[in-house]
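Beneath this line is the structure, given in structure tokens, with notes to follow.
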There are 2 protein chains.
Amino acid sequence: MAKIQPGNSATKKEAIIQKAATLFKVKSYTAASMRELAEMLGVEASSLYNHIGSKSELLQAICCKVVKEFAVNLNLIECNSTSNISKIEAIIRFHIRIMLYNFDEVYVANHEWKHLKEPYLSDFLNFRRSYEKKLIVLIESGMANNELKIINPYVATLTILSAVRGLEFWHGHKKNVSQEVLENDMINHLLTGLLR
Amino acid sequence: MAKIQPGNSATKKEAIIQKAATLFKVKSYTAASMRELAEMLGVEASSLYNHIGSKSELLQAICCKVVKEFAVNLNLIECNSTSNISKIEAIIRFHIRIMLYNFDEVYVANHEWKHLKEPYLSDFLNFRRSYEKKLIVLIESGMANNELKIINPYVATLTILSAVRGLEFWHGHKKNVSQEVLENDMINHLLTGLLR
DNA sequence: TTACAAAACTAACGCTTATTAGTTTTATTG
DNA sequence: CAATAAAACTAATAAGCGTTAGTTTTGTAA
């Protein structure tokens, strides 16, 4: 009869959510079982239900937490940064850092949101749409005042968001590239291009 | 007692694989059931086993087909293109086109490879690693002869591959952006940057 | 020490899963 | 028309799933 140790997390529920994120990342949401999750925590599956409501609640908690972190940060950047370019820079840096410090949860939100139930699924997709839209506006504004060259703003946004999303692949290889090089070179690439 | 119609596919097995790709894309591999797949084809689940060996064989077929298409194309580009820059251009164009014409299969390969069984899982990961490595070498070569500016070649490769991988999001919005604009602007962005 | 609440346990429920076996229908060929 | 092969069917299997009910243990505070 082992007990769930909150560990770094504040509550036992948070400890379960954190372990769930790790499990869902490795096995995917549908393939992961509550019995496996319980084993990671050293208890029986049914014991989890003293702390959580359901499996899908775990996914909701993970995705919701990630959404909040992106929302808070984008708001911060919109208020504090000056030029459009510096805002784009700050966004890229944030994506790299959240990938470093909250990898499991961000990965699960990016890959498993499909299995959210309503209304959480709609909420999640609406947030993503609005996040993308804000970036498009940012880039359009940068084009309007001659900071940026004229290309399709949706394509530019897609390129930037996809590039930072792809940082999940960097996570396995990070020993070869420092965080500073990654941030600076990716910003350099996306802003000034690869051509000499 | 409906029959499986090969439709555009050559054989009935290929028809099943194509429908499986669509189903796995929408529901994910683990959440998709053979009963659902059978329903899409208008037969009972057990009837599928007259044509295929197992569920996981379907995933293998999808991933294997995608790997082959990328392998063949990269080989073609390496032989026929001249400068490193034109090779990179050709690779980006190919990724955009395969996303347009083989979306379901590429999507499934990108998202569900995790559920491949050995040795197919190792084969898939090895291919991806070697594909990435070839791009790194391409970029290093471009830097060596002053075509490209000096940034970390792994970061540049990650940025490019992630950007084209992110084209899965374009698939839902493609009505607003033509294929030509997408190809040209993404190449423009990745090669010459966003800055004016 | 007693009382109470938190959180673990065991056992089971009803359901879904991929897959197999055995049978029947359909289509093709001699 | 008869024979054969392809491909459908029905029915059942064993395993695993999330979750619940009821019970027992554990830790805390009066």
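Keep in mind that what you see is a predicted model, and the values were worked out from it rather than measured. The chains referred to below are lettered A, B, ... by the order of the sequence lines, with proteins before strands, and numbering in each begins at 1.
Each of B:Leu48 and A:Thr30 was matched to the nucleotide of DNA chain D holding its nearest heavy atom; the match closer to the 5' end belongs to B:Leu48. Between A:Arg35 and B:Ala45, the one whose closest nucleotide on DNA chain C sits nearer the 5' end is A:Arg35.
Side chain of A:Thr157 to main chain of A:Pro153: a donor-acceptor pair is present (N/O by atom type, distance under 3.5 Å, no hydrogens or angles).
In this structure, B:Lys19 places its NZ atom where only 12 or fewer heavy-atom neighbours from other residues, nucleotides or ligands lie under 6.0 Å away. A 6.0 Å sphere centred on NZ of B:Lys114 holds more than 12 heavy atoms belonging to other residues, nucleotides or ligands.
At whole-Å resolution of the value, OH in A:Tyr29 and C1' in D:dC17 are 12 Å apart. The CD-P distance, from B:Glu36 to C:dT16, rounds to 12 Å in whole Å. Remark: C1' of D:dT13 and OH of B:Tyr49 are 13 Å apart, rounded to the nearest angstrom. Look at NZ on B:Lys27: it is 13 Å from C1' on C:dT17, rounded to the nearest Å. When rounded to the nearest whole Å, the span between CE of A:Met34 and P of D:dT19 equals 6 Å.
Taking a cutoff of 4.0 Å between a charged side-chain nitrogen and a carboxylate oxygen, B:Glu147 and B:Lys87 do not qualify as a salt bridge. A salt bridge is defined here as a Lys NZ or Arg NE, NH1 or NH2 lying under 4.0 Å from an Asp or Glu carboxylate O, and A:Arg97 with A:Glu183 meets this definition.
Contact annotation: A:Ser33 reaches the phosphate of D:dC17 (side-chain N/O to OP1 or OP2, under 4.0 Å). Side-chain nitrogen and oxygen atoms of B:Ser47 include none within less than 4.0 Å of the OP1 or OP2 phosphate oxygen of D:dA7. A close approach under 4.0 Å does not occur between any side-chain nitrogen or oxygen of B:Ser46 and OP1 or OP2 of D:dC9.
In summary, the aromatic rings of A:Phe70 and A:Phe127 are positioned with their centroids too far apart to meet the 6.0 Å limit.
Contacts of B:Ala31 with the nucleic acid, taken as non-hydrogen atoms under 4.0 Å apart, are absent. Residue B:Ala32 is in sugar-phosphate contact alone, with no base atom involved, counting any heavy-atom pair closer than 4.0 Å across all strands shown.
If you check distances only, the side chain of B:Asn50 never reaches the base of D:dA6 with a donor-acceptor pair under 3.5 Å.
Relative to the six-membered ring of A:Tyr29, A:Lys55 meets both conditions, a distance below 6.0 Å and an angle of at most 45° to the axis.
Of the residues in residues 51-66 of chain B, B:Ser54, B:Lys55 come within less than 4.0 Å of DNA chain C through at least one heavy atom, sorted by number.
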